[in-house]
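As structure tokens, the structure follows; a few thoughts come after it.
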There are 2 protein chains.
Amino acid sequence: MNSKKHAADEPLITFARFLEARGLRMTRDRRVIIEQVFEVHAHFTMDDLFVALRLKGERLSKTTLYRNLPLLVESGLIRRVPGESSDGRFEHVLGHPHHDHLICLECGREIEFTCTDLEAAQDNICRRHGFHPVWHRLGIWGYCRRCRSRRPATQSAPATSCVAASRKKER
Amino acid sequence: MNSKKHAADEPLITFARFLEARGLRMTRDRRVIIEQVFEVHAHFTMDDLFVALRLKGERLSKTTLYRNLPLLVESGLIRRVPGESSDGRFEHVLGHPHHDHLICLECGREIEFTCTDLEAAQDNICRRHGFHPVWHRLGIWGYCRRCRSRRPATQSAPATSCVAASRKKER
DNA sequence: TCCTTATTGCAACTGGTTTCCATTACCAAC
DNA sequence: GTTGGTAATGGAAACCAGTTGCAATAAGGA
């Protein structure tokens with residue numbers, strides 16, 4: 001068990017350092033949390049994490065998660081996912097360098113992408129405003145190829161219907 | 001009272017149409033809500049709105065607000081303000097057609113902008129993915145000119161410190 | 001090993017939001 | 001103007017994610 005190399009090894013060290021600097025302790029529970037967080041390459045909620053840990057047989061309480069995730073955020077290992085209706089969602093930072101999303105209003109699928117043109121345009125804007133960007137998030141809502149071919153009518157949905165349609169997604 | 005021209009006249013008509021299309025009714029309460037929402041050109045919370053109405057002597061219940069604001073969102077007249085920690089905030093849309101945001105992690109100020117290069121790049125991506133975009137949202141978090149000049153250290157803040165700084169803003 | 005202090009789990013609590021249900025208002029047909 | 005069907009409303013209760021208090025436990029330096 002100790003011999004297996006985990007994706008969590010690096011974050012573990014980072015976090016240990018962070019804790020030490022604040023006079024906090026690296027506990028078993030914290031190790032377990034980090035392992036889980038870095039094992040999964042996806043957004044997660046407090047509850048997702050809780051359930052995943054339970055399924056593994058770990059019995060940490062939710063309180064412990066609620067107390068420790070903010071520390072992980074502070075340490076820079078994870079971040080809250082900003083944006084409408086992604087409240088309470090987290091993602092880890094390491095090995096998840098950057099991505100934006102296309103979100104289908106019909107099937108809910110999220111397509112990740114990156115685009116250098118986009119980044120360039122953003123840099124321009126920031127420069128123009130004397131703004132030092134640290135992190136950004138772009139979401140484009142619409143209809144994916146699959147859904148469009150199934151239901152061509154949605155191809156030219158007006159803006160208002162978009163707002164209405166997106167409602168479905170509010171948790 | 002009837003003769004006074006309100007900024008809310010146009011949204012009122014839009015909303016009336018929206019309601020009609022769904023077999024819903026334009027009530028006194030709904031009129032009052034719209035008037036208030038379009039009188040104030042700023043983000044507001046459910047509670048802000050409630051208090052403002054009470055101060056005016058209107059006695060709608062919170063329940064009514066909680067039931068009607070989602071309708072206003074659906075109708076496209078207002079929207080939820082996206083972004084970390086602006087959960088539960090709304091803004092009206094009219095005269096506010098499209099904008100993305102630069103959000104300062106230090107002072108919380110939001111700078112609105114639009115950029116055609118950005119839109120073009122987005123269109124490209126969508127085309128590449130066979131995705132029909134309907135609506136998008138971009139937020140860039142970082143440090144604004146004002147805060148940077150006050151505290152030059154943040155100019156090249158690493159990702160971790162940025163996340164840490166943003167924590168302060170969690171209500 | 002001991003001792004101090006951080007950490008944890010449970011349960012109680014909080015604040016924002018939603019639901020339930022009885023009452024009231026709207027509005028179209030008579 | 002009256003009536004009847006249906007939507008809208010208010011207040012209280014329920015709900016839920018997240019937080020806090022407190023007693024028991026565990027970490028880790030002396």
Side-chain angles (χ1 to χ4, degrees), chain A residues 12 15-36 43-54 57-75 78 80-82 84-90 167-171, chain B residues 12 15-36 43-54 56-75 78 80-81 84-90 167-171:
Chain A
L12 212 47
F15 194 45
R17 245 182 241 131
F18 170 82
L19 290 173
E20 196 185 342
R22 322 231 325 196
L24 303 176
R25 295 167 184 170
M26 172 55 83
T27 64
R28 197 193 109 77
D29 285 7
R30 286 178 176 152
R31 261 187 291 269
V32 167
I33 291 171
I34 289 195
E35 261 167 43
Q36 179 59 36
H43 294 175
F44 61 93
T45 63
M46 212 56 97
D47 200 61
D48 293 340
L49 183 53
F50 180 72
V51 170
L53 289 171
R54 283 292 156 125
E58 297 292 345
R59 307 207 57 74
L60 330 203
S61 82
K62 272 194 178 177
T63 310
T64 300
L65 299 185
Y66 277 107
R67 275 193 277 238
N68 280 302
L69 288 220
L71 286 178
L72 285 176
V73 171
E74 254 183 277
S75 75
I78 69 175
R80 283 173 186 279
V81 178
E84 196 162 21
S85 81
S86 39
D87 199 52
R89 309 186 73 76
F90 298 84
R167 230 187 84 264
K168 289 191 298 193
K169 302 220 64 231
E170 281 166 20
R171 112 184 113 96
Chain B
L12 213 46
F15 194 45
R17 245 183 242 131
F18 169 83
L19 290 173
E20 197 185 342
R22 322 232 324 194
L24 302 176
R25 295 167 184 167
M26 173 53 85
T27 63
R28 196 192 110 76
D29 284 9
R30 285 178 175 151
R31 261 187 291 270
V32 167
I33 291 171
I34 290 195
E35 260 166 47
Q36 179 59 37
H43 294 176
F44 61 92
T45 62
M46 210 58 94
D47 201 61
D48 292 340
L49 183 54
F50 179 72
V51 169
L53 289 171
R54 284 291 156 125
K56 275 184 160 180
E58 298 292 345
R59 308 208 56 74
L60 330 202
S61 82
K62 272 195 179 178
T63 309
T64 300
L65 298 186
Y66 276 107
R67 273 192 283 237
N68 281 303
L69 288 219
L71 286 177
L72 286 176
V73 171
E74 257 184 274
S75 75
I78 67 175
R80 283 171 188 280
V81 178
E84 196 163 20
S85 80
S86 40
D87 198 54
R89 309 187 73 76
F90 297 86
R167 228 187 86 266
K168 292 189 299 191
K169 303 222 59 235
E170 283 164 20
R171 103 179 113 104

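Order of the sequence lines sets the chain letters (A, B, ...), proteins ahead of strands, with each chain counted from 1.
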Q: Take the C1' atoms of the five end pairs on each side of the helix from C:dT1-D:dA30 to C:dC30-D:dG1, derive the two axes, and give their angle rounded to 10 degrees.
A: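 That helix has its two terminal axes inclined by roughly 30°.
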Can you check the [X] [atom1] to [N] [atom2] distance for me, whole Å?
| X | N | atom1 | atom2 | answer |
| --- | --- | --- | --- | --- |
| B:Asp48 | C:dG16 | CG | C1' | 13 Å |
| A:Leu65 | C:dT7 | CG | P | 15 Å |
| A:Leu19 | D:dG29 | CG | P | 13 Å |
| B:Leu60 | D:dT9 | CG | C1' | 10 Å |
| A:Glu58 | C:dG9 | CD | P | 11 Å |
| A:Leu71 | C:dA6 | CG | C1' | 12 Å |
| B:Leu69 | C:dG16 | CG | P | 15 Å |
| B:Arg80 | C:dG16 | CZ | P | 14 Å |

Taking the side chain as C-beta and beyond, is there a heavy-atom pair between [X] and [Y] under 4.5 Å?
| X | Y | value |
| --- | --- | --- |
| B:Tyr66 | B:Met46 | yes |
| A:Phe15 | A:Met26 | yes |
| A:Glu74 | A:Arg22 | yes |

Q: Applying salt bridge (charged side-chain N to carboxylate O under 4.0 Å, His left out), name anything that partners A:Arg59, two or more places apart in sequence or on another chain.
A: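 Per chain and number, A:Arg59 pairs via salt bridge (charged side-chain N to carboxylate O under 4.0 Å, His left out) with no residue.
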Q) For B:Glu20, which residues count as a salt bridge (charged side-chain N to carboxylate O under 4.0 Å, His left out) partner, sequence neighbours excluded? A)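 Checked B:Glu20 against salt bridge (charged side-chain N to carboxylate O under 4.0 Å, His left out); zero matches.
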Q) With A:Arg25, which residues qualify under side chain to side chain donor-acceptor pair (under 3.5 Å), at least two apart? A)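 If we apply the side chain to side chain donor-acceptor pair (under 3.5 Å) test to A:Arg25, skipping adjacent residues, there are no hits.
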Q | Test side chain to side chain contact (heavy atoms under 4.5 Å, CB included) applied to A:Asn68 - qualifying residues, sequence neighbours left out | A |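 With neighbours one apart ignored, the set is A:Arg30, A:Ile33, A:Thr64, A:Leu71.
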Q | Short side-chain N/O contact to C:dT17 OP1/OP2 from B:Tyr66, under 4.0 Å | A |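 It does, given that an N or O in the side chain of B:Tyr66 lies less than 4.0 Å from OP1 or OP2 of C:dT17.
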Q) Would you say C:dT7 has OP1 or OP2 under 4.0 Å from some side-chain N or O of A:Arg30? A)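 Answer yes for this pair, as a side-chain N or O of A:Arg30 is under 4.0 Å from OP1 or OP2.
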**Q.** Any donor-acceptor N/O pair under 3.5 Å between D:dG18 base and A:Arg67 side chain
**A.**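 No, the side chain and the base share no sub-3.5 Å donor-acceptor pair.
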Q: Would you give the length of the straight line joining atom CG of A:Leu60 to atom CG of A:Leu65, rounded to the nearest 0.5 angstrom?
A: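 The CG atom of A:Leu60 sits 6.0 Å away from the CG atom of A:Leu65.
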Q | From CG (A:Leu12) to CD1 (A:Ile34), nearest 0.5 Å | A |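 Taking CG in A:Leu12 and CD1 in A:Ile34, the distance rounds to 5.0 Å.
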Collect all protein-nucleotide pairs involving nucleotides 26-29 of chain C in which both atoms are nitrogen or oxygen and the distance is under 3.5 Å.
residue	atom	partner	partner atom	Å
C:dC26	O2	B:Arg25	NH1	3.2

Q.
Using the ring-ring contact (aromatic ring centres under 6.0 Å, His included) criterion, which residues pair with A:Phe50? Sequence neighbours excluded.
A.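 For A:Phe50, no residue satisfies ring-ring contact (aromatic ring centres under 6.0 Å, His included) once neighbours in sequence are set aside.
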Q: Scan B:Asn68 against the nucleic acid and name what it touches under 4.0 Å (heavy atoms): base, sugar-phosphate only, or nothing.
A: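 Sugar-phosphate contact only - B:Asn68 comes under 4.0 Å of backbone atoms but never of a base.
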Q: Quick one: label B:Asp29 by what it contacts on the DNA or RNA (base, sugar-phosphate, nothing), any heavy atom closer than 4.0 Å.
A: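 Counting heavy atoms under 4.0 Å across all strands, the contact made by B:Asp29 is with sugar-phosphate only.
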Write down the protein N/O and nucleotide N/O pairs, taken from nucleotides 13-15 of chain D, whose separation is under 3.5 Å; answer none if there are no such pairs.
none

Q | Pairs touching residues 43-52 of chain A that satisfy salt bridge (Lys or Arg N to Asp or Glu O under 4.0 Å), sequence neighbours left out | A |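 Of all non-adjacent pairs touching residues 43-52 of chain A, those that pass salt bridge (Lys or Arg N to Asp or Glu O under 4.0 Å) are A:Asp47-A:Lys62.
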Q) Please walk me through it: do A:Arg31 and A:Glu58 pass salt bridge (Lys or Arg N to Asp or Glu O under 4.0 Å)? A) CA-CA 12 Å; A:Arg31 261 187 291 269; A:Glu58 297 292 345; over 6 Å; no
Q) Considering only side-chain heavy atoms of B:Leu24, which listed nucleotide, D:dA7, C:dG9, D:dG11, is closest? A)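 Side chain of B:Leu24 sits closest to D:dA7.
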